Structures are given as C-alpha cells and as structure tokens.
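The block underneath contains the structure these notes are about, expressed in structure tokens.
Quantities reported herein were computed from a predicted structural model and do not represent experimental measurements. Just follow the structure's listing: the first ligand is 1, and inside any ligand the first atom is 1.
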Amino acid sequence: MSKRVLVTGGAGFIGSHLCERLLAAGHDVLCLDNFFTGRRENVARLLDSRAFELRRHDVVEPILLEVDQIYNLACPASPVHYQYNPVKTVKTNVVGTLNMLGLAKRVGARILQASTSEVYGDPEVHPQDETYWGRVNPIGIRSCYDEGKRVAETLMTDYHRQNHVDIRIARIFNTYGPRMLESDGRVVSNFVVQALRGEELTLYGDGAQTRSFCYVDDLVEGLMRLMNRDGTDGADVHRPVNLGNPEEFSIRELAEEVARQCGREVKIRYCPLPEDDPRQRRPDITRARNLLGWSPTIPLRDGLARTISDFAARIENP
Ligand SMILES: NC(=O)c1ccc[n+]([C@@H]2O[C@H](COP(=O)([O-])OP(=O)(O)OC[C@H]3O[C@@H](n4cnc5c(N)ncnc54)[C@H](O)[C@@H]3O)[C@@H](O)[C@H]2O)c1
C-alpha cells in the first residue's frame, strides 16, 4: 500500500538511497534537508518523479505535515562534520528528534530513528547486542553525537511509553557505499580517495582496531523492514535493533583491499589514534535476524568495487 513517507536528512548519503528505494516501492516521499552534509545532486534524478518532493528545512524548527511514516535521519554522521558545530549537533539530535516525535504524535505516524553503534561508546563487551548499555564519555569531543543519539533514543522510548507513539529505533553500524562525501574523514572514503589519487593511505593507530562495514543497500533494506515490521504478533518492535554487518575486518585489512582494488601498492602512513576512538566495533545482529529475517548480503569486496567506481567517477568529473 502506498504511503506518504517523510525522510529527514534525505539528501544525505543513506537518506538518498532510502528515498530511491521508497519511491521504487511506490510511496510518496517527502525529503527534508538543511543541506549541511547533504547535496541536491544526491537526489537530483528523483526530482522528475511526481511522487518525490524535496524541501530545504532544518529539523530544529518545527514543521506541520501529513505523513504516515517518518524516517528521522537528519544529523551529520562523520566526526569532521558533527564536531564542526557540536552544539548544533546536540540540537539536531535533541530538538530535531523532539520536533519529529511531536509531529508523529500529532498525525499518528510511525517514526524510525536512525541511531548509531556509537551509543555503545568504547564497549567492554564484544560483539555488542542491544541489551548492552554502553560506555560513553559524556564530555569528550564525540559526545555531542554519541550522547545526542542516546538522548534521542530516550525521547523516542518516552514518547512511546507516555504517548503511545509507534516508534522504531535502528542502531546503525558503519555503513559505506556510493555518495559518501569524499571529505568526510571516514575510513572507507579516506582510503578510497587516497588510493585513487595515488596517495599514501592514512592509518590511525596500528591498524589492528576492527570495524564492520555494511553496504548501504543492505542497510536500507534493514531500515525498511524494521519500519514495516508491525508488532501484532506480540513481537517487541519498539526496542532498538542493531543493523550492521557482523563480518569484522581490521583497518589494515581494509586498507589492503582498497589498495588492491585500486591497483596500487599499499603505502601506509601511521598517525596517532584520535581521542575516544573505539578499539573494536561489531554488531550482534541476532535480534535483526529473528525479528526482521534480515542479514547483510553484499560482501565487502563487492560493495567496495561499487563504491570505488562511484568515487572514481566523481574524482574524474568533479
Ligand atoms: N553512515 C553511517 O555509517 C552511519 C552510522 C550510524 C548512524 N548513522 C546515522 O544515519 C543517519 C544518516 O547518516 P549519513 O551517513 O547518511 O550522513 P549524512 O551526513 O550523509 O546525512 C545526514 C543528512 O542530514 C542532513 N542534516 C543534518 N542536520 C540537519 C538538520 N538540522 N536539519 C535537516 N537536515 C539535517 C544533512 O544535510 C544530510 O543530508 C544519521 O542520523 C547518522 O547519525 C549513519
């Protein structure tokens, strides 16, 4: 059944892929974005569709709309961007989420919050399942994002308990793919851009720290399944769900694979590890498998190939 779906942050990396998939599924999509890290080009080819609408709007300001579902993705996701104006990052997560919850409550929409694995902080348990409460520094340079997202989860849960808003919370782990910003400082985009330019790959720490990398199409599939999973069978759909790829790679392995695919010798420059950088991060996705029948299908090798060809096209035709 066709729905009216709002995607905040819809001109960003994940949001633009989500808008595309929602349109393909026959929904009317309204994309709100303040274009801080999002770009019109990300959704340019959707503008021809009568079912798609793009509006410049900052979620920190209230808005009145009639929608059936809200995907609340608005928030810069990479440290360079969320640390650029940390107070704004907190406002986006807290005031922005409050505004979206107010809207959901008013119009009876179901709302999905894009949360993050960063709510686990530097975890003492590995891998992390959703029952783990996290180990987060409240006053560090990443706190505007980590704690902002934790408050957003609190707000979501309290609106559900207090006002019966129909909520979904996705704890998204590292996601990569076409349309990531070249300058976002995230490890995949850094390595791909450096390798394509024939530069040394910058590796923070000794490269033994591990991460899991989920291809964006897999992630979007998980988000849509979570949004559309109802709880009529008694399933607990309102608690957070990890979405990520449990396959773990060291940062050094990632560097080597990127270099191999770009046809380069690996030249690595070692730099000091930034403050509060977690050593390990890997999702336990048992809950997503059981609740949504979801697990990632695209191996890192294939996802990297698609990502590298997108970056190569952008670097050649800036
Ligand atoms: N990419 C990942 O690996 C990852 C991991 C965990 C969580 N997430 C979450 O997923 C969501 C999307 O991430 P992304 O990787 O696509 O990042 P992104 O920076 O590409 O997208 C965020 C979008 O939100 C917009 N935005 C930011 N502040 C806004 C505001 N106040 N009002 C309106 N729009 C605003 C930006 O312009 C951008 O289009 C974010 O909420 C992020 O925290 C992403």
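For S49, there are no side-chain hydrogen bond (donor to acceptor under 3.5 Å, both in side chains) partners at least two apart in sequence or on another chain. For R186, the side-chain hydrogen bond (donor to acceptor under 3.5 Å, both in side chains) partners two or more places apart in sequence, or in a different chain, are D184.
Checked by atom type and distance alone, the side chain of S16 never pairs as donor or acceptor with a backbone atom of V43 at under 3.5 Å.
The list of side chain to side chain donor-acceptor pair (under 3.5 Å) pairs with a residue in residues 100-112, not counting sequence neighbours, reads R110-D166.
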So what's ligand 1 close to, N/O to N/O, under 3.5 Å?
from: ligand 1; atom 1: 1 (N); to: R186; atom 2: NH1; distance (Å): 2.6
from: ligand 1; atom 1: 3 (O); to: T175; atom 2: N; distance (Å): 2.8
from: ligand 1; atom 1: 3 (O); to: R186; atom 2: NH1; distance (Å): 3.3
from: ligand 1; atom 1: 15 (O); to: R186; atom 2: NH2; distance (Å): 3.3
from: ligand 1; atom 1: 16 (O); to: F13; atom 2: N; distance (Å): 3.4
from: ligand 1; atom 1: 16 (O); to: I14; atom 2: N; distance (Å): 2.8
from: ligand 1; atom 1: 19 (O); to: T37; atom 2: OG1; distance (Å): 2.6
from: ligand 1; atom 1: 20 (O); to: F13; atom 2: N; distance (Å): 2.9
from: ligand 1; atom 1: 24 (O); to: C75; atom 2: N; distance (Å): 3.4
from: ligand 1; atom 1: 26 (N); to: N34; atom 2: OD1; distance (Å): 3.3
from: ligand 1; atom 1: 31 (N); to: D58; atom 2: OD1; distance (Å): 2.9
from: ligand 1; atom 1: 31 (N); to: T92; atom 2: OG1; distance (Å): 3.1
from: ligand 1; atom 1: 32 (N); to: V59; atom 2: N; distance (Å): 3.0
from: ligand 1; atom 1: 34 (N); to: N34; atom 2: N; distance (Å): 3.2
from: ligand 1; atom 1: 34 (N); to: N34; atom 2: OD1; distance (Å): 3.3
from: ligand 1; atom 1: 37 (O); to: D33; atom 2: OD1; distance (Å): 2.6
from: ligand 1; atom 1: 37 (O); to: N34; atom 2: OD1; distance (Å): 3.3
from: ligand 1; atom 1: 37 (O); to: F36; atom 2: N; distance (Å): 3.0
from: ligand 1; atom 1: 37 (O); to: T37; atom 2: N; distance (Å): 3.0
from: ligand 1; atom 1: 37 (O); to: G38; atom 2: N; distance (Å): 2.9
from: ligand 1; atom 1: 39 (O); to: G12; atom 2: N; distance (Å): 3.0
from: ligand 1; atom 1: 39 (O); to: D33; atom 2: OD1; distance (Å): 3.1
from: ligand 1; atom 1: 39 (O); to: D33; atom 2: OD2; distance (Å): 2.5
from: ligand 1; atom 1: 39 (O); to: G38; atom 2: N; distance (Å): 3.2
from: ligand 1; atom 1: 41 (O); to: L73; atom 2: O; distance (Å): 2.8
from: ligand 1; atom 1: 41 (O); to: K149; atom 2: NZ; distance (Å): 2.8
from: ligand 1; atom 1: 43 (O); to: Y145; atom 2: OH; distance (Å): 2.5
from: ligand 1; atom 1: 43 (O); to: K149; atom 2: NZ; distance (Å): 3.0

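A salt bridge (charged side-chain N to carboxylate O under 4.0 Å, His left out) with R171 holds for exactly one of E118, E130, E153; it is E153.
The side-chain heavy atoms of N242 and F173, taken from C-beta on, include a pair separated by under 4.5 Å.
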